Structure formats: C-alpha cells, structure tokens
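The structure appears right after this line, and notes come after that.
For clarity, every value in this text was computed on a predicted model and none was experimentally measured. FYI, the numbering just counts along the sequence from 1.
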Amino acid sequence: AGILAGHPLDTVKVRLQAPGNNNRGILQCFVDIVKRERITGLYKGMTSPLVGVAFINSMLFAVYGSALRMVSSDLERPALSSIFYAGSISGLVNAFFSAPIELIKIRLQNDTQNTYKGPLDCVRKTIQAGGIRAVFKGLPTTFIRETPSYGAYFASYEYMTRVLLPDADPEVPSPMLLFAGGFAGVIGWASTYPFDVIKTRIQGATNDPNYRNMRTAFATVVKNEGYGVFFRGLGACSLRAFPTNAATFYTV
C-alpha cells in the first residue's frame, strides 16, 4: 500500500533529478507527466520495488536487530550511537539488494520513449549491453547513500520515540509513533540526498561517459548545473517519505 501511494511522488523525484529536466517543481513535473504519459506514467517502474519490498524490509530489520545485539550490551535502552551503528550496518547490507532493484526502477521511470516493455525486458537489455555487472551499476554510490542514511533513520526514530513517548510502550501503536516514523524517514533521506541524485544520474545513464562513476558524475553535475541540483526533488522525496515510513514503523 505504501508503494502504491508513494510511487507517483517517487517518479516525480526521479524525473526532477534527471539531467535535462525543465520542470520547476513538484506540481509542474506531476502535471507534465500526466499530460504526456497519462496517469500510468506516474507508476512506471513500480513492479521491481513492489516485488522486492517485503524481502527488503524483513532483511533490513533482521540485520538491524542482529547488528544492535553485536554493538550494544543494553538492548532495553541502547545508546543512540549504537543504534546509529546498527542502522548503518543494515544499510550497508541493504545496498547489495536495493541497487539493482532501483536501477531497473529508475530506467523504467525515465523511459519516455518506451524503450523497455517492462522490468524483465529492462533487465535483459541491461545485461545484453554490459553484462551482469551492468545491473549493479551505481553500487558504490548506493553504499554511500544507504549506510549513513539508515543509521540516521533508526537513530532519529529512537530519539523521537524517547522524546514524544517517554513513559509509553513504543510497541503500542499511537499517533506519536506514526509521527516518529515519518520524521525518521525524512531525516534518513535528507541526510544523504545529494548522493541519491548522483545515484539516479549514474543508474539512469546507459552509454553516457559523463556518468560512468561517482567522480565523473559529480564533476559533470557541478560543472553544468551547480550545487543546487543536489537538492532537486527533495520536496517530493520528503512528501513521499513521511507517510511511507510512518506506516513502515507502525506495522513492524
């Protein structure tokens, strides 16, 4: 349900991050997609995250729990630093799985010429063009985005629950728990958002040497568009992240 509700804003975010984007903001980009590609254009690339979300989330929280037991002796009230380390470890592991899923998603979301018939066709053509390694293009940038991002994600959630629910059972659902989860989602994304922009550029490019790796992509973006582009689409990302992550923590 979270993906179904949030994917249109994710598509808007990816389009705003893409090179050559002429839209001035969320609303204009949203209207432009609907006008040119109808409502279905907002749901391009949804299949790959929809298929992988259950596995990704279960794996993420399982690794986080195991890592927390490794870095903290106090599991009742672990230090926020321990939570950050455990969250970072879960993000590091998560990157291996999320990188190929997001590459397929991004290429389908940016496919305005109907180059791909669907996710399987995108996988096939990506492998044909560059081998199996091509599916993992952008993995180093994904590592950098995911690792501290999930540290901030879990630590900010724990901090907010301690502030908002100091005497309540954090396992009992409440409106404040929803707010803490949504807040954590926004903080997690914002903490490494510039690397998400770089990742989108790298994974969306097929044969552009300017986006061959993180170094060339960064240099190209700064030279052609300035530093402001590293925050393009953050508003759409935050609007999507708050309700999606509120529901994630609420149901875990």
Side-chain angles (χ1 to χ4, degrees), residues 9-26 28-29 32-33 44-45 48-49 84 88 91-113 115-116 122-123 125-153 186-241:
L9 281 170
D10 186 67
T11 300
V12 169
K13 181 206 75 166
V14 169
R15 292 288 181 92
L16 289 172
Q17 291 176 333
N21 168 67
N22 295 317
N23 292 295
R24 298 174 185 172
I26 299 171
Q28 184 183 3
C29 185
D32 186 62
I33 293 172
K44 284 183 174 180
S48 56
F84 179 85
S88 297
L92 180 68
V93 175
N94 183 69
F96 281 103
F97 302 96
S98 65
I101 290 174
E102 292 202 9
L103 181 139
I104 300 306
K105 175 185 74 69
I106 287 167
R107 292 193 174 182
L108 289 170
Q109 286 175 313
N110 282 330
D111 184 20
T112 58
Q113 304 300 318
T115 303
Y116 307 111
C122 184
V123 171
K125 288 179 178 177
T126 299
I127 293 175
Q128 281 182 342
I132 194 66
R133 288 181 59 186
V135 179
F136 290 90
K137 186 179 182 183
L139 181 59
T141 313
T142 308
F143 281 141
I144 295 175
R145 187 197 72 172
E146 301 277 79
T147 302
S149 175
Y150 275 106
Y153 179 60
V186 173
I187 293 297
W189 273 101
S191 64
T192 56
Y193 190 79
F195 290 100
D196 186 64
V197 175
I198 293 296
K199 186 184 76 66
T200 295
R201 296 292 181 96
I202 293 172
Q203 293 185 320
T206 51
N207 299 308
D208 191 339
N210 290 320
Y211 298 108
R212 184 173 61 254
N213 54 45
M214 189 162 48
R215 181 182 62 80
T216 59
F218 184 86
T220 299
V221 169
V222 172
K223 179 181 178 181
N224 296 336
E225 301 167 76
Y227 290 97
V229 74
F230 290 119
F231 299 95
R232 187 184 293 168
L234 180 58
C237 180
S238 299
L239 285 174
R240 170 184 170 270

| With a 4.5 Å heavy-atom cut-off, do R107 and T206 have their side chains touching? |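 Sidechains of T206 and R107: in contact.
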Side-chain ([X]) to main-chain ([Y]) donor-acceptor, under 3.5 angstrom:
X	Y	result
E146	F96	no
T220	N210	yes
K44	D111	yes

[atom2] on [Y] to [atom1] on [X], rounded to 0.5 Å:
X	Y	atom1	atom2	value
S98	R145	OG	CZ	6.0 Å
Q17	R201	CD	CZ	8.0 Å
N94	F143	CG	CZ	10.5 Å
L103	T200	CG	OG1	10.5 Å
L239	L234	CG	CG	9.5 Å
S149	L92	OG	CG	12.5 Å

| Steps toward side chain to side chain contact (heavy atoms under 4.5 Å, CB included) verdict (T142, E102) | CA-CA 10 Å; T142 308; E102 292 202 9; 5.9 Å; no
| said: Is it the case that over 12 heavy atoms from other parts of the model lie below 6.0 angstrom from the CG atom of N22? | reply: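 At most 12 heavy atoms, drawn from other residues, nucleotides or ligands, come within 6.0 Å of this atom.
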To check you understand the geometry: which heavy-atom pair defines the closest contact between [X] and [Y], and what is its length?
X	Y	answer
I144	T192	O-CG2, 4.1 Å
I33	R15	CG1-NH1, 3.5 Å
S88	P148	OG-CA, 4.2 Å
V12	A236	CG1-CB, 4.2 Å
G45	Q109	CA-CG, 4.4 Å
K137	A205	NZ-O, 2.8 Å

| said: For V221 and Y211: C-alpha separation, side-chain torsions, deciding distance, then whether side chain to side chain contact (heavy atoms under 4.5 Å, CB included) applies. | reply: CA-CA 9 Å; V221 169; Y211 298 108; 4.2 Å; yes
| request: Identify whether the distance between the nearest side-chain nitrogen and carboxylate oxygen of D196 and K13 falls below 4.0 Å. | output: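 Yes, charged N to carboxylate O under 4.0 Å.
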| said: side chain to side chain contact (heavy atoms under 4.5 Å, CB included), that's the test. Do I127 and I132 meet it? Break it down for me. | reply: CA-CA 5 Å; I127 293 175; I132 194 66; 3.9 Å; yes
| field | F195-F230 aromatic ring centre distance below 6.0 Å | value |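 Ring centres of F230 and F195 not closer than 6.0 Å.
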